[in-house]
Structures are given as C-alpha cells and as structure tokens.
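Report on one structure; see the data block that follows.
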Protein chains: 2
Amino acid sequence: MSLKFAILGVLELKPHTGYDLKKTIEASVAHFWSADQSQIYRTLALLVADGLAEVEVITQDGRPDRRLHRITPTGLTALHGWLASPLPPETPHDAFLVRVFFVGELGIPAATALLQARRAEADAVLFRLTALVGQDGGEAVDLAHTLRRATLRNGIRHAAAELAWLAETVEALS
Amino acid sequence: MSLKFAILGVLELKPHTGYDLKKTIEASVAHFWSADQSQIYRTLALLVADGLAEVEVITQDGRPDRRLHRITPTGLTALHGWLASPLPPETPHDAFLVRVFFVGELGIPAATALLQARRAEADAVLFRLTALVGQDGGEAVDLAHTLRRATLRNGIRHAAAELAWLAETVEALS
DNA sequence: GTCCTATATGTGCATGGTCTAATATAACCA
DNA sequence: TGGTTATATTAGACCATGCACATATAGGAC
C-alpha cells in the first residue's frame with residue numbers, strides 16, 4: 001500500500017526509472033522500507049495507469065530503453081493527501097515475539113539462545129544506523145533533512161530499546 | 001508464515017476449534033500478532049493436510065459441528081524445530097516512517113500533526129500494555145509465564161522508545 | 001577468453017494476508 | 001416482537017510481496 005506513496009515521494013524529488021528507484025530506495029529508506037525490484041516495476045505501471053505518474057521513454061541501444069517516470073500534478077495531490085490523512089490502524093506481525101511466547105517449552109538454554117541471536121541483530125542494526133547518522137554530519141537546517149535524520153534516529157531508539165529489553169529478559173531467566 | 005507456528009503453539013497448550021483460536025489469539029498474543037478469521041481456518045486446514053494437527057469432529061445441532069484441532073507428534077516436532085531455528089532476515093515495512101520521511105513537503109504544522117497523532121497512538125498502546133502487565137500480578141515463577149510477560153514488556157519498551165523519539169523530534173522541528 | 005557485474009525491463013508463480021459474505025440457530029436485550 | 005450478539009465454518013475475490021527467471025549487451029577482472 002505505502003510502496004505506492006514511497007515511490008511517489010521519491011519521484012517528487014526527481015524523476016526515476018524503475019532501476020534507479022531500486023537503488024535510491026536501498027540508499028535512502030532501506031532502514032524502514034524495502035521493495036523487491038519486480039514490485040517496483042509493477043507499482044510504477046500502476047501509478048501510470050492511475051495517472052499519478054507519467055513516462056518518458058529514452059531510447060538506448062544495446063540495452064532496454066530507459067523509462068523515466070515523473071510525478072504528475074494528480075500524483076502530487078494524491079501524495080499530499082496521503083501524507084495528511086489519518087494513520088490507518090496497523091495489525092502487528094512480529095514473528096520474533098511469537099517465538100519468545102512459545103519458546104519456554106524448550107527450556108532456559110534455548111530461550112537464552114533465541115535472545116542472544118536477537119541481540120546480535122539489534123547490535124548490528126544499532127551500529128549501522130549510528131554510522132549513518134554520524135556520516136550525515138550534524139547541523140541539519142532544512143525541514144526535509146531533519147525529518148530524514150529523524151527516521152534514522154527512530155531506528156536507533158528502537159534498537160536501543162530492544163537491547164535494553166533483551167538484557168532485562170535474559171536477566172529474568174537466570 | 002509464523003501464523004502456522006503461532007497456531008501450533010496455541011494448540012500445544014490446548015486443543016482448539018478455529019473459532020476458539022480466533023478468541024485465544026485476540027486474548028493472548030494480539031499485541032504482537034493478529035490473524036484474520038478466514039486465514040486461521042485456511043491455516044488449520046493446511047496443518048491438518050500436512051499432518052501437523054488432527055481434527056475431532058464434535059457434532060452439534062442448530063449450528064455447525066465443532067472441529068476440534070489438536071497438535072500431532074509431528075506437529076510438536078515441527079514447532080520445536082521452528083523455535084530453535086535461526087531467525088530469518090526480516091524486511092522492514094514501516095508506513096509511518098515513510099510519511100515522516102516525506103511529510104516535510106507539507107511544512108512544519110503538518111509534520112507536527114503527524115507526530116502528535118502518533119503520540120496519541122503510542123500513549124494508548126503504552127497504557128493498554130501497562131494495564132495488562134499490572135493485571136497479571138507480579139511474582140512470575142515458571143518460565144513460560146516469564147516469557148509471556150516479556151512479550152508485553154517488549155511492547156512497553158518500544159512504545160516508550162517511540163514516545164521519547166516523538167518528543168525529541170517535535171522539539172527538533174521548533 | 002571467460003566469467004562476473006552493471007544496465008534495464010519485465011513475466012509468471014506462489015504465499016500470505018484482508019475483506020466480504022453466505023449459512024443457520026439460539027440467547028439476550030429493549 | 002424485533003434487533004443484536006454469540007456460535008461455527010467456509011468460499012471467493014483481491015492485494016501486496018517475494019522469488020525465480022528471461023532477455024540482451026557492455027565493460028572490467030582474472
């Protein structure tokens with residue numbers, strides 16, 4: 001659902017081909033959204049069909065033509081409407097917590113192993129995001145930039161929360 | 001994917017009909033997993049087809065027969081295997097952060113409104129989970145119980161982290 | 001010379017999930 | 001008496017995602 005708008009958002013910044021989009025997404029929003037390449041192409045086609053984006057074909061030889069997509073005024077309206085619309089209720093799906101809930105059957109060592117594995121992951125995420133925020137410099141001036149940094153900080157906060165919870169939980173098991 | 005195992009986990013505790021399962025899930029793991037009723041029935045059918053669960057039909061009149069599902073030894077093995085298997089890499093999909101990332105276009109008031117709405121939600125989650133943990137008493141003794149409480153505490157930690165992040169971010173916007 | 005990577009777009013298939021609705025009865029409330 | 005809620009299962013349509021694969025060429029690594 002939001003892939004549509006994530007793509008519109010990227011197209012607003014700059015026209016993209018499907019190929020570029022994949023790269024831009026990986027380089028900018030990968031920490032909270034991921035998209036399969038075929039899904040990107042499908043969604044682009046859908047946006048064009050709905051009049052939210054338009055295509056300029058740039059012929060090439062030796063490889064497929066580039067299909068450069070840009071957002072239309074209708075698309076811009078749709079994006080802004082979505083950004084201002086109320087948050088839909090979300091249905092949680094956390095497979096890790098399903099494991100935690102039932103892993104008691106296997107005893108304390110198995111439960112601890114599960115938590116340790118999770119800690120390694122959370123550590124890695126924290127490290128990666130912290131590096132990204134650091135790279136970014138500091139002095140944020142414009143609003144867009146501040147918000148983009150905020151998405152990274154969100155990931156950092158949650159990774160830290162997860163680590164704190166893991167420590168507390170491992171402790172409770174012993 | 002994990003619905004299969006969430007259901008197996010519940011079946012291990014006690015045999016269930018599809019109808020019961022929906023209620024048990026809502027009453028116990030709803031804070032980290034939700035399941036559509038038709039999806040539950042489909043998954044149950046799949047478990048039976050795979051030999052992981054078996055059905056006892058209890059005839060009733062005036063309403064459909066109850067189809068009571070219980071886990072089989074094979075099912076138990078499958079559940080335990082899953083619980084001990086490595087965590088698969090997860091692809092993030094956070095629609096809220098997509099909004100944060102792009103909402104700059106609409107200016108500070110719109111961005112702030114988005115964050116305020118989120119705060120109301122996080123507050124509600126925190127309140128609800130805190131009440132649940134409180135209800136639960138205190139003195140947890142057995143492992144399963146400790147882990148179940150831990151899933152609640154996980155939600156609490158993340159809700160708190162979200163609130164802290166929101167405060168920091170609203171601040172950064174002003 | 002051969003293999004891998006980058007460029008660029010797509011199709012097909014399977015999985016997992018949501019929403020809607022059909023069916024049928026009993027119990028409870030207004 | 002009439003409407004909602006609870007009991008219980010199941011089918012159909014649709015949507016989003018992911019994985020594998022098809023196609024075709026240029027350029028660099030080894």
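Just so it is clear: chains get the letters A, B, ... in the order the sequence lines come, proteins before strands, and each one is counted from 1.
Each of Tyr19(A) and Leu47(A) belongs to its own hydrophobic cluster when Ile, Leu, Val, Met, Phe, Trp and Tyr are linked at side-chain heavy-atom distances under 4.5 angstrom. Linking Ile, Leu, Val, Met, Phe, Trp and Tyr residues whenever their side-chain heavy atoms come within less than 4.5 Å leaves Leu76(B) and Val48(B) in two separate clusters. In this structure, Leu44(B) is not a member of the same hydrophobic cluster as Leu46(B), with clusters built from ILVMFWY side-chain heavy atoms closer than 4.5 Å.
The ring pair (Phe, Tyr, Trp, His ring centres under 6.0 Å) check on Tyr41(A) picks up nothing, with sequence neighbours excluded. Checked against side-chain hydrogen bond (donor to acceptor under 3.5 Å, both in side chains), Arg66(B) has the following partners two or more places apart in sequence or in another chain: Asp20(B). Considering only residues two or more places apart in sequence or on other chains, His16(A) meets the side-chain hydrogen bond (donor to acceptor under 3.5 Å, both in side chains) condition with Thr24(A). Partners of Ala160(B) by side-chain contact (heavy atoms from CB on, under 4.5 Å), not counting sequence neighbours: none found.
First and last contacts of DNA chain D with chain B, using any nucleotide atom under 4.0 Å from a protein heavy atom and ordered 5' to 3', fall at dA6(D) to dG18(D). Along DNA chain C, read 5' to 3', the first and last nucleotides having any atom under 4.0 Å from a heavy atom of chain B are dG16(C) to dA26(C).
Projected onto DNA chain D by closest heavy-atom contact, Pro64(A) and Leu3(A) fall at different nucleotides, the more 5' of which corresponds to Leu3(A). Take the nearest nucleotide of DNA chain D for Thr91(B) and for Arg66(B): the residue whose nucleotide is more 5' is Arg66(B).
Near DNA chain C, meaning a heavy atom under 4.0 Å away, the residues from residues 36-53 of chain B are Asp36(B), Gln37(B), Ser38(B), Gln39(B), Arg42(B). Of the residues in residues 8-26 of chain A, those placing a heavy atom less than 4.0 Å from an atom of DNA chain C are Thr17(A), Gly18(A), Tyr19(A), Lys23(A), in numerical order.
With rounding to the nearest 0.5 Å, the separation of CD1 in Ile7(A) from CD1 in Ile25(A) is 5.5 Å. For the atom pair OG1 (Thr17(A)) and CD1 (Ile40(A)), the distance works out to 9.5 Å, reported to the nearest 0.5 Å.
For Phe32(A) and Phe96(B), the gap between ring centers reaches or exceeds 6.0 Å.
Ser2(A) places no side-chain N or O within 3.5 Å of a backbone atom of Phe5(A) that could act as its donor or acceptor partner.
In this model, no donor atom of one side chain and acceptor atom of the other lie less than 3.5 Å apart for Glu56(A) and His69(A).
The hydrophobic cluster containing Ile58(B) also includes Leu68(B), under a criterion of side-chain heavy atoms closer than 4.5 Å among ILVMFWY residues, counted directly or through chains of members.
Residue pairs meeting the side-chain hydrogen bond (donor to acceptor under 3.5 Å, both in side chains) criterion with at least one partner in residues 80-90 of chain B, sequence neighbours excluded, are Arg99(A)-Ser85(B), Arg118(A)-Glu90(B).
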Throw together a table of side-chain donor-acceptor distances under 3.5 angstrom for residues 166-174 of chain A, partners on residues two or more places apart or in other chains.
unit_1: Glu168(A); atom_1: OE1; unit_2: Arg157(B); atom_2: NE; d: 3.3
unit_1: Glu168(A); atom_1: OE1; unit_2: Arg157(B); atom_2: NH2; d: 2.5
unit_1: Glu168(A); atom_1: OE2; unit_2: Arg153(B); atom_2: NE; d: 2.6
unit_1: Thr169(A); atom_1: OG1; unit_2: Trp165(A); atom_2: O; d: 2.7
unit_1: Thr169(A); atom_1: OG1; unit_2: Trp165(A); atom_2: NE1; d: 3.3
unit_1: Ser174(A); atom_1: OG; unit_2: Glu171(A); atom_2: O; d: 2.9

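Between its opening and closing five pairs, the helix from dG1(C)-dC30(D) to dA30(C)-dT1(D) changes axis direction by 30°, a value rounded to 10 degrees.
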